[in-house]
Amino acid sequence: MIHENIKNLDLKFETKASLFSPNSIDTGTLAMLSVIDFLPRDKVLDLGCGYGVVGILAGKLIGEENVVMCDISEQAIECAKINAALNGVSDIRIILSDGYKNVEEKDFTMILSNPPYHADFSVPKSFIELGFKKLAIGGKLVMVTKRLDWYKNKLTSVFGGVKVQEINGYYVFLAEKRSRVIKKKKKPMKTLSKKLQRKSKNKRGQL
């Protein structure tokens, strides 16, 4: 059992050896939480929730009805549900999901994630690209990793900019959705009037 005080709240978590950071709360997660303020109006997604630290903290601060937690691991979901009950927020919606696959909402004001940065970039790529679509205008995607350049470039390309803070050897990224993606319409090709078409045809015939 892990006991931790985060944002002046005493929390406790059961874990399993097979889950990420089973003996203590990950330093990167704590770094990310240190720069985040949860507001009463927020709707939060804890993406890749593990045994539930981020989502449970959010539920305690802004109400369990305003939080969704998801993970691809059945063991993580099992632990997260146990820990939500242990910390008095058992009504948080905790779902088994490969990324956003089973997450229907598209109006989150904050998505938080500590992605598997030791693997290839396919997972964080989908977290970032699909995350943009899951946020409300003004919503924020917050990620923590030990890698800088790829995440900074990818978040900038999708969101148009990103703020980066280095804390205890980790990089915390905060990108805000400022507007909807607007696809540029192709300009229709200008067509000549029939009169000009005849003139052009006559000129070509004279050559």
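Just so you know, residue 1 is the first one in the sequence shown, and it goes up from there. What you see below is based on every heavy atom in this structure, not just the backbone, and it leaves out hydrogens, waters and symmetry mates.
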Residues at least two apart in sequence or cross-chain that pass ring pair (Phe, Tyr, Trp, His ring centres under 6.0 Å) with Tyr171, listed by chain then number, are none
Test question: given the 4.5 Å side-chain rule for I, L, V, M, F, W and Y, name all other residues clustered with Leu86, or answer none.
Met1, Ile82
Please enumerate all residues that pass side-chain contact (heavy atoms from CB on, under 4.5 Å) together with Thr27, with sequence neighbours excluded.
Asn168, Tyr170
Is a side-chain donor or acceptor of Asp46 paired with a backbone partner of Gly55 at a separation under 3.5 angstrom?
yes
Applied to residues 149-175, the salt bridge (Lys or Arg N to Asp or Glu O under 4.0 Å) test, sequence neighbours excluded, yields Glu129-Lys154
Among all residues two or more places apart in sequence or in another chain, which pass the side-chain hydrogen bond (donor to acceptor under 3.5 Å, both in side chains) test with Asp42?
Thr109
The salt bridge (Lys or Arg N to Asp or Glu O under 4.0 Å) partners of Lys43 (sequence neighbours excluded) come to Asp107
Any pair counted as side chain to side chain donor-acceptor pair (under 3.5 Å), so long as it reaches residues 91-102, sequence neighbours left out:
Arg93-Glu105
Give a yes or no answer on whether the side chain of Ser113 reaches the backbone of Leu47 with a donor-acceptor pair at less than 3.5 Å.
yes
Going by salt bridge (Lys or Arg N to Asp or Glu O under 4.0 Å), name the residues that satisfy it together with Asp37, two or more places apart in sequence or in a different chain.
none
Taking side-chain hydrogen bond (donor to acceptor under 3.5 Å, both in side chains) as the test, write out the residues that go with Glu4, two or more places apart.
none
By side-chain hydrogen bond (donor to acceptor under 3.5 Å, both in side chains), which residues pair with Asp10, not counting sequence neighbours?
Asn5
Got a sec, which pairs hit salt bridge (Lys or Arg N to Asp or Glu O under 4.0 Å) with one end in residues 52-79, sequence neighbours left out?
Lys16-Glu78
Could I get the full list of ring pair (Phe, Tyr, Trp, His ring centres under 6.0 Å) partners for Phe108, not counting sequence neighbours?
none
Main-chain N/O of Tyr51 paired with Asn83 side-chain donor or acceptor, under 3.5 Å
yes
